[in-house]
Amino acid sequence: MAFSKVSNPVFIYLFILIKKLIYSDADRDALHVRSADEAVRIGPAPARSSYLSSSAIVEATIKTGAQAVHPGYGFLSESAEFAQICENEGMMFIGPPASAIRDMGDKSASKRIMGTAGVPLVPGYHGSNQDADFLKMEAEKIGFPVLIKPTHEVAGMRIVEKTSEFMDSLLSAQREAAALFGVNTVLLEKYITQPRHVEVQVFGDKHGNVIHLYERDCSLQKRHQKIVEEAPAEVVVHTPY
């Protein structure tokens with residue numbers, strides 16, 4: 001979806017939704033395409049040739065005269081490369097800056113940032129040394145059970161209950177991460193056996209305005225993928241200010 005920029009004496013920019021969007025052949029007859037003021041075909045049905053094609057999306061944005069790009073969700077919405085391309089082309093990417101997407105996409109970098117900010121972290125190791133023997137020693141320092149996590153995705157995680165299982169689990173996690181994401185680096189965490197997965201969604205803009213949308217409990221999962229998100233989270237006790 002794209003936005004048009006209009007000057008305004010009060011605000012630097014006023015964005016007005018005028019329903020410019022892109023579509024692939026898979027969505028040619030979809031309601032949102034038929035309802036759009038302007039719709040641009042960017043390729044055939046396979047996502048790699050359309051919704052994952054940065055060049056096709058940038059070309060469509062230039063063609064329509066749009067000055068901002070909203071990536072929606074999935075596809076390129078978490079692509080630091082695409083956000084950087086938009087910035088280089090002078091287009092506003094409606095979402096985090098490329099630097100933030102890069103840092104948040106790397107769990108080790110995220111943990112370093114959170115640690116520097118004073119946020120409590122699960123005990124573990126998230127450094128750059130990926131030597132297997134070194135990681136095994138770190139796991140023993142943390143204490144079993146430990147969780148081996150690929151640094152760039154949730155798939156490939158391994159729960160290790162004891163020292164004798166560590167090497168096989170590490171190699172398995174690294175192979176899977178390399179095959180799926182092209183990056184085989186991992187981090188280690190103390191495995192918490194009965195956790196609650198509670199998230200708080202935070203929105204901020206370039207002008208220093210920040211809000212939160214309270215919390216949601218994402219503890220109901222299958223293979224580390226969230227199935228249900230419950231909001232508000234019943235396990236959180238709210239204290240009046």
* Does Gln221 use its side chain to pair, donor to acceptor, with the backbone of Cys218 at less than 3.5 Å? -> yes
* Take Lys107 and His126, measure what side-chain contact (heavy atoms from CB on, under 4.5 Å) needs, and give me the verdict at the end. => CA-CA 8 Å; Lys107 294 185 182 68; His126 50 268; over 6 Å; no
* Applying salt bridge (charged side-chain N to carboxylate O under 4.0 Å, His left out), which residue pairs with at least one partner in residues 169-188 are found, sequence neighbours left out? -> Arg158-Glu176
* Asked: Just checking, any donor-acceptor pair under 3.5 angstrom between side chains of Thr185 and Thr151?
  -> yes
* Asked: With Tyr23, which residues qualify under ring-ring contact (aromatic ring centres under 6.0 Å, His included), at least two apart?
  -> none
* Asked: Donor-acceptor pair, Lys20 side chain versus Thr64 backbone, under 3.5 Å?
  -> yes
* Structure fact -> Distance col, row Ile85:CD1 vs Met91:CE, nearest 0.5 angstrom, shows 10.0 Å
* Could you pull out all residues at least two apart from Pro232 that satisfy side chain to side chain contact (heavy atoms under 4.5 Å, CB included)? => Glu215
* Asked: If you look at every heavy atom in Asp25 and Pro44, which pair is closest and at what distance?
  -> OD2-CA, 3.5 Å
* Asked: What residues form a side chain to side chain contact (heavy atoms under 4.5 Å, CB included) with Val228, not counting sequence neighbours?
  -> Leu220
* If you measure from CZ on Phe166 to CG on Asp168, what distance do you get to the nearest 0.5 Å? -> 11.0 Å
* To the nearest 0.5 Å, how far apart are CG in Asp27 and OG in Ser50? -> 8.5 Å
* Hey, what do you get for CD1 (Ile227) to OG (Ser219), rounding to the nearest 0.5 Å? -> 11.5 Å
* To do: Show the numbers, then the answer: is there a side-chain contact (heavy atoms from CB on, under 4.5 Å) between Val69 and Ile94?
  => CA-CA 6 Å; Val69 177; Ile94 301 175; over 6 Å; no
* **Partners passing side chain to side chain contact (heavy atoms under 4.5 Å, CB included) against Ala132 (at least two apart in sequence or in another chain)** => Met167, Leu170
* Any chance you could lay out the side-chain contact (heavy atoms from CB on, under 4.5 Å) test for Val186 and Lys149, step after step, and finish with the verdict? => CA-CA 5 Å; Val186 300; Lys149 277 186 178 181; over 6 Å; no
* Asked: What pairs of residues pass the salt bridge (charged side-chain N to carboxylate O under 4.0 Å, His left out) test when at least one of them lies in residues 48-75, not counting sequence neighbours?
  -> none
* For the pair Phe75 and Tyr51, name the ring-plane relationship: parallel under 30°, tilted 30 to 60°, perpendicular over 60°. => tilted
* Structure fact -> Interatomic distance, CD@Glu89 vs OG@Ser54, rounded to 0.5 Å, equals 11.0 Å
* Asked: Is the closest side-chain heavy-atom distance between Val160 and Phe144 below 4.5 Å?
  -> yes
* Between Ala45 and Ala26, what is the shortest heavy-atom contact and its length? -> CB-CB, 3.8 Å
* **Qualifying residues under salt bridge (charged side-chain N to carboxylate O under 4.0 Å, His left out), relative to Asp217, sequence neighbours excluded** => Arg196
* Structure fact -> Minimal heavy-atom distance between Ala83 and Pro96, with the atoms involved, is CB-O, 4.4 Å
* **Listed once per pair and sorted, the salt bridge (charged side-chain N to carboxylate O under 4.0 Å, His left out) pairs that draw on residues 116-139, sequence neighbours left out** => Glu138-Lys141
* Nearest heavy atoms of Ala139 and Val146, plus distance in Å -> O-CG1, 3.8 Å
* Asked: How long is the span from the CD1 atom in Ile192 to the CG atom in Leu147, to the nearest 0.5 Å?
  -> 9.5 Å
* Residue list, ring-ring contact (aromatic ring centres under 6.0 Å, His included) with Tyr214, at least two apart or on another chain -> His212
* **Check: Ser49 main-chain N/O paired with Ser53 side-chain donor or acceptor under 3.5 Å** => no
* Asked: Do you know the tightest heavy-atom contact between His32 and Leu21?
  -> O-CD2, 3.5 Å
* Return each pair, listed once, that meets side chain to side chain donor-acceptor pair (under 3.5 Å) where at least one residue sits in residues 109-118; pairs must be two or more places apart or across chains. => Lys111-Glu189
* **Heavy-atom pair with the smallest gap, counting every atom of Ala60 and Ile42** => CB-CG2, 4.0 Å
* Asked: Tell me, which pairs form a side chain to side chain donor-acceptor pair (under 3.5 Å) where one or both residues lie in residues 73-87, sequence neighbours left out?
  -> Gln84-Asn88
* Excluding sequence neighbours, so at least two apart, what forms ring-ring contact (aromatic ring centres under 6.0 Å, His included) with Tyr191? -> none
